[in-house]
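All values below come from the heavy atoms of this structure, side chains included, with hydrogens, waters and symmetry mates left out.
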Amino acid sequence: MSFRPLHDRVLVKRIEAEEKTKGGIIIPDTAKEKPQEGEVVAVGSGTRNEKGELVALDVKAGDRILFGKWSGTEIKLDGADLLIMKESDILGILETTAKKGKKAA
C-alpha cells in the first residue's frame with residue numbers, strides 16, 4: 001500500500017533506541033521510553049502562504065529527525081508502526097558531519 005501525506009504532514013518511522021546502556025546494562029521493555037528520533041518516510045506537498053504560493057517543506061524522505069515526546073498520531077501501515085505529524089512538530093534534522101583532518105603546514 002502506498003501512502004502520501006497531505007499538505008504539511010510528514011510520515012515518520014521511529015528509530016529504536018539501544019537496548020543496552022554504555023555500561024552494558026540491558027534496559028527492559030517496561031523501562032524504555034518511546035524514541036524521539038525517526039526517519040522521514042514520506043512528506044506532503046507543502047503549505048500555501050498568504051499569496052497562495054506553495055511553500056515546500058524543509059524535510060525530505062530519508063532525513064533523520066528529532067521530534068517531541070507527544071508529537072504525531074500513531075498508525076499501523078502494512079504492519080509497520082509509523083507516525084503522522086505536522087512539520088511544526090519536528091524539532092530538527094540530524095546531520096552527520098565528517099571529521100576533517102587538518103593538514104600540517
Side-chain angles (χ1 to χ4, degrees):
M1 179 183 307
S2 179
F3 180 83
R4 183 176 54 93
L6 297 177
H7 308 294
D8 65 339
R9 289 183 177 76
V10 179
L11 186 64
V12 176
K13 179 177 83 172
R14 286 186 196 267
I15 296 175
E16 294 301 322
E18 293 292 323
E19 295 191 11
K20 285 185 181 179
T21 64
K22 290 182 181 180
I25 298 171
I26 297 174
I27 304 168
D29 288 339
T30 55
K32 287 183 190 174
E33 289 191 17
K34 289 186 178 180
Q36 292 175 262
E37 185 177 333
E39 180 180 343
V40 176
V41 177
V43 297
S45 59
T47 59
R48 300 236 176 234
N49 63 14
E50 295 82 27
K51 296 178 184 177
E53 301 166 339
L54 188 64
V55 178
L57 302 180
D58 289 331
V59 295
K60 62 186 180 307
D63 282 348
R64 286 181 67 130
I65 60 166
L66 290 177
F67 50 88
K69 186 178 275 192
W70 309 110
S71 297
T73 301
E74 295 181 352
I75 64 165
K76 194 168 210 120
L77 190 62
D78 290 337
D81 292 323
L82 302 169
L83 288 167
I84 297 176
M85 64 182 68
K86 288 188 170 248
E87 186 186 36
S88 59
D89 291 337
I90 297 172
L91 303 175
I93 300 171
L94 295 171
E95 296 176 345
T96 56
T97 56
K99 292 184 179 180
K100 296 179 182 177
K102 293 183 179 180
K103 293 183 179 179

Test item: [X] and [Y] side chains (from C-beta on) under 4.5 Å apart, heavy atoms:
| X | Y | value |
| --- | --- | --- |
| Lys60 | Val40 | no |
| Leu54 | Arg48 | yes |
| Asp58 | Glu87 | yes |

Gap separating the [atom1] atom of [X] from the [atom2] atom of [Y], nearest 0.5 angstrom:
| X | Y | atom1 | atom2 | value |
| --- | --- | --- | --- | --- |
| Arg9 | Lys86 | CZ | NZ | 4.5 Å |
| Thr47 | Glu53 | OG1 | CD | 11.0 Å |
| Ile65 | Leu83 | CD1 | CG | 8.5 Å |
| Glu37 | Leu66 | CD | CG | 5.5 Å |
| Arg14 | Glu39 | CZ | CD | 14.5 Å |

Considering all heavy atoms, the nearest [X]-[Y] contact:
| X | Y | answer |
| --- | --- | --- |
| Leu57 | Val43 | CD1-CB, 3.9 Å |
| Gly38 | Phe67 | N-CE2, 3.7 Å |
| Ser71 | Met85 | CB-CE, 4.3 Å |

Joint cluster assignment, Val10 & Ile93, ILVMFWY side-chain distance < 4.5 Å: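 Same hydrophobic cluster.
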Reference residue Leu77; test side chain to side chain contact (heavy atoms under 4.5 Å, CB included); the match among Val41, Leu82, Ile84: Leu82
